[in-house]
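Just so it is clear: chains get the letters A, B, ... in the order the sequence lines come, proteins before strands, and each one is counted from 1.
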Amino acid sequence: MFMLICMSSYWATTNYVNSQAFRVAAGGTKTDNIKNLRQIHAFILKTASFPLPPPTLELISSSRNLGYLCFILKHLENQDLGLDICNDIVRSLNGNSLRAVVLFREMLVNGFRPDNYTVPYVLKACSKSQALREGVQVQAYAVKTGLVLSNVYVKNTLIRLYSVCGSVSYARKVFEESSLRDVVSWTTLIQCYVKNGFAREAILTFFEMCDAKMKADEMTAVIVLSACSKLGDLKLGRKLHDYILDNRVPSDVYVGNALVDMYLKCGDANSARKIFDEMPVRNVVSWNSLISGLANQGEFKDAMDMFRKMQSIGVEPDDFTLVGVLNSCANLGLLELGKWVHAYIDRKQIEADRFIGNALVDMYAKCGAIDQAFKVFRGMKCRDVYSYTAIIIGLAMHGEAKRALSIFSDMPRRGIKPDEVTFIGVLTACSHAGLVVEGKRYFKDMSCVYNLRPQTEHYGCMVDLFGRAGLIEEAQELIENMPMEPDAYIWGALLGACRIHGCVELGEDVMKKLLKVEPERDGAYVLMSNIYSSANKWRDAVKLRKEMKGKNIKKTPGCSSIELDGVVYEFRKGGKSHPRSKEIYKLLEEIMSHIKNFNNLAQ
DNA sequence: TTAGGGTTAG
């Protein structure tokens with residue numbers, strides 16, 4: 001008794017004894033007299049103030065015996081306090097769905113009525129671990145007690161549960177069930193569509209929301225903009241931007257970032273840049289949106305400039321930044337900078353798995369360092385379909401077909417299912433190595449074994465495979481039997497085959513078809529002109545060049561680039577931009593002369 | 001005491 005009096009006097013002591021009692025409740029000391037402990041326990045709960053002091057709460061949350069806790073709470077004189085304590089505890093479970101549901105059940109068993117606070121907490125915990133079955137049990141209670149119809153928090157957390165579990169139609173059903181809805185209900189439903197891949201429906205729901213005279217807030221704006229980014233619809237994006245301005249939606253850093261992302265994904269880099277420049281507050285995501293957005297638009301140099309600027313003002317890059325930078329390095333051939341990023345990753349002890357690892361493999365492969373790419377690939381603890389595809393495509397591009405196919409054959413053993421892009425790599429490998437029989441088998445396996453439907457790109461690879469091997473008739477037959485309309489890639493591949501094998505008449509026919517699907521490009525003219533030249537049909541070649549000129553179609557000049565000491569030098573036919581171009585041309589002449597001499601000797 | 005937010009790879 002003395003101990004009890006003491007502990008009710010001092011908060012700190014209360015805290016201590018409280019903790020001790022709950023340590024027992026948590027299953028710690030079995031030798032103590034359980035009866036006495038229960039008395040102490042009950043006393044503490046009766047005198048405990050609400051909310052519970054954090055150490056006590058922490059102990060209860062970690063207790064295995066939530067049933068015992070409810071049993072004790074049941075005997076409190078003040079039942080409202082008991083419910084409050086339960087709510088406090090369920091909140092502190094911090095998204096642990098299983099324990100939240102256990103406590104919820106124990107509450108019911110011990111005669112408590114979970115209220116409009118308990119239910120959203122438990123549903124939130126279920127959402128966090130996608131525990132749909134448990135969530136549905138809680139829903140049943142919420143329906144029975146009328147909470148779903150009367151409390152918008154309950155309704156919204158339920159929409160969210162179905163959303164994160166991928167049940168779009170149920171989320172919509174809960175939303176529709178009553179007219180009880182606020183801006184969070186609408187936003188959660190819109191987000192449900194976006195997260196589950198229905199961007200168009202998300203936008204339509206936003207329009208419905210506007211018709212219902214519900215005003216969007218900054219969170220709605222962010223989600224609707226992300227839907228628009230996925231659609232790449234600039235006209236819509238501008239409309240949404242106008243909506244934000246007209247309705248004075250508070251524009252915080254999230255809205256700014258979403259706008260930058262939207263404009264870039266919709267192909268308007270200038271507007272994205274303008275928004276970015278005018279943002280009063282930026283964070284690392286703002287920079288990431290701009291850097292990766294520019295890289296995805298093919299503006300790799302601008303992306304790299306922004307990365308340098310970001311560094312110069314001391315913003316620390318994160319995983320997202322590094323992936324965007326590696327992507328730009330890969331496409332610009334910036335091996336040295338790519339290596340620097342790799343060293344940075346090592347220095348910061350960032351794990352090179354998943355996105356970062358895959359981006360490194362791709363960067364090394366695209367920059368010509370295939371052995372380094374392979375080393376990173378081998379060193380990855382956790383490889384996925386992206387990792388395999390990156391290395392297979394890399395090896396295929398480097399002419400290492402056998403290695404590429406060997407890695408492909410390793411995938412089933414590792415439990416990784418190839419996807420459509422993996423097969424592009426596999427078929428490219430076959431095509432470059434002239435492996436016709438293997439290529440045909442892989443193409444067949446795509447649908448028969450892996451249940452993947454070949455797309456135009458795969459037919460393009462097969463046309464290329466047959467074409468390179470001189471099997472022009474087989475290539476034509478495949479095109480005739482394609483389930484979709486042949487596009488420019490298909491005709492381009494066949495025309496390429498005509499060039500290799502000198503098929504002038506067929507080439508003329510294919511060129512017409514290529515021009516039908518791609519009239520403004522130079523590819524068809526250039527290839528056909530080469531076919532004529534190879535067949536010594538100079539007049540036809542000249543005629544074609546004139547026709548091209550008449551239609552104002554210019555040949556896209558081929559471009560090579562070399563990185564030296566971190567600087568990229570680009571070379572185009574006839575280009576004189578390099579400060580030492582005179583020396584370069586002189587050396588080129590010397591090389592050509594050596595080659596000619598070598599050829600003469602060989603003959 | 002309670003619900004909804006942006007950026008990454010082949």
Can you tell me how far [atom2] of [N] sits from [atom1] of [X], to the nearest Å?
X        : N     : atom1 : atom2 : result
A/Lys128 : B/dA3 : NZ    : P     : 12 Å
A/Asp217 : B/dA3 : CG    : P     : 15 Å
A/Tyr117 : B/dT1 : OH    : P     : 9 Å
A/Tyr162 : B/dA3 : OH    : C1'   : 16 Å
A/Ile223 : B/dT7 : CD1   : P     : 10 Å
A/Tyr263 : B/dT7 : OH    : C1'   : 18 Å
A/Met219 : B/dG4 : CE    : C1'   : 6 Å
A/Leu83  : B/dT2 : CG    : C1'   : 13 Å

Counting the atoms with a prime plus P, OP1 and OP2 as sugar-phosphate, which does [X] contact under 4.0 Å by heavy atoms, base, sugar-phosphate, or nothing?
X        : answer
A/Lys155 : nothing
A/Thr118 : nothing
A/Thr389 : base
A/Ser185 : nothing
A/Val119 : nothing

Would you check if the side chain of [X] reaches a backbone N or O of [Y] as a donor-acceptor pair within less than 3.5 Å?
X        : Y        : answer
A/Ser406 : A/Lys402 : no
A/Arg383 : A/Phe377 : yes
A/His241 : A/Leu259 : no

Open item on the list: Could you work out, with side-chain hydrogen bond (donor to acceptor under 3.5 Å, both in side chains) as the rule, every residue matching A/Asn327, not counting sequence neighbours?
Closed with: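 With sequence neighbours excluded, A/Asn327 shows a side-chain hydrogen bond (donor to acceptor under 3.5 Å, both in side chains) to A/Asn331, given in chain and number order.
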Proximal nucleotide (of [options]) relative to the [X] side chain:
X        : options              : answer
A/Ala390 : B/dG4, B/dG10, B/dT2 : B/dG10
A/Tyr386 : B/dA9, B/dT7, B/dA3  : B/dA9
A/Asn296 : B/dG10, B/dT8, B/dG5 : B/dT8
A/Thr422 : B/dG10, B/dG4, B/dA3 : B/dG10
A/Asp319 : B/dA3, B/dG5, B/dT8  : B/dT8
A/Ser289 : B/dG4, B/dT1, B/dT7  : B/dT7
A/Ile393 : B/dT1, B/dG10, B/dG5 : B/dG10
A/Asp182 : B/dG4, B/dT7, B/dA3  : B/dA3
A/Thr187 : B/dA3, B/dG4, B/dG10 : B/dG4
A/Arg91  : B/dT8, B/dA3, B/dT1  : B/dT1

Is the shortest side-chain N to carboxylate O distance from [X] to [Y] below 4.0 Å?
X        : Y        : value
A/Arg238 : A/Asp268 : yes
A/Arg413 : A/Asp410 : yes
A/Glu299 : A/Arg273 : no

Task: Pair A/Tyr162, A/Gln139: side-chain N/O donor-acceptor within cut-off below 3.5 Å - done: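 Yes, because at least one side-chain N or O of A/Tyr162 sits under 3.5 Å from a partner of the opposite role on A/Gln139.
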Task: Distance-only donor-acceptor check, side chains A/Asn151 and A/Asp115, under 3.5 Å - done: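 Judged by distance alone, the side chains do not pair up.
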TODO: Using only side-chain N and O atoms of A/Arg160, determine if any of them is under 4.0 Å from OP1 or OP2 of B/dG5.
DONE: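 Result: yes.
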- [ ] Could you tell me whether A/Trp186 and A/Phe175 have their ring centroids closer than 6.0 angstrom?
- [x]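 Under 6.0 Å, so yes.
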Task: Aromatic ring proximity, centroids under 6.0 angstrom, A/Phe276 and A/Trp287 - done: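 That pair passes the under 6.0 Å test.
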Task: Members of residues 349-373 of chain A that approach DNA chain B, where some heavy atom sits under 4.0 Å away - done: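 Correct list: A/Phe355, A/Asn358, A/Asp362.
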TODO: Strictly below 4.0 Å, heavy-atom distances to any atom of DNA chain B: list the hits from residues 247-255 of chain A, or just say none.
DONE: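 The stretch gives A/Asp252, A/Tyr254, A/Val255 as the residues lying under 4.0 Å from the strand, ordered by number.
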Task: Aromatic stack A/Tyr153/B/dA3: centroid gap under 5.5 Å, interplanar angle under 30° - done: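 A stacking contact does not exist, since A/Tyr153 is not both close and nearly parallel to the base ring of B/dA3.
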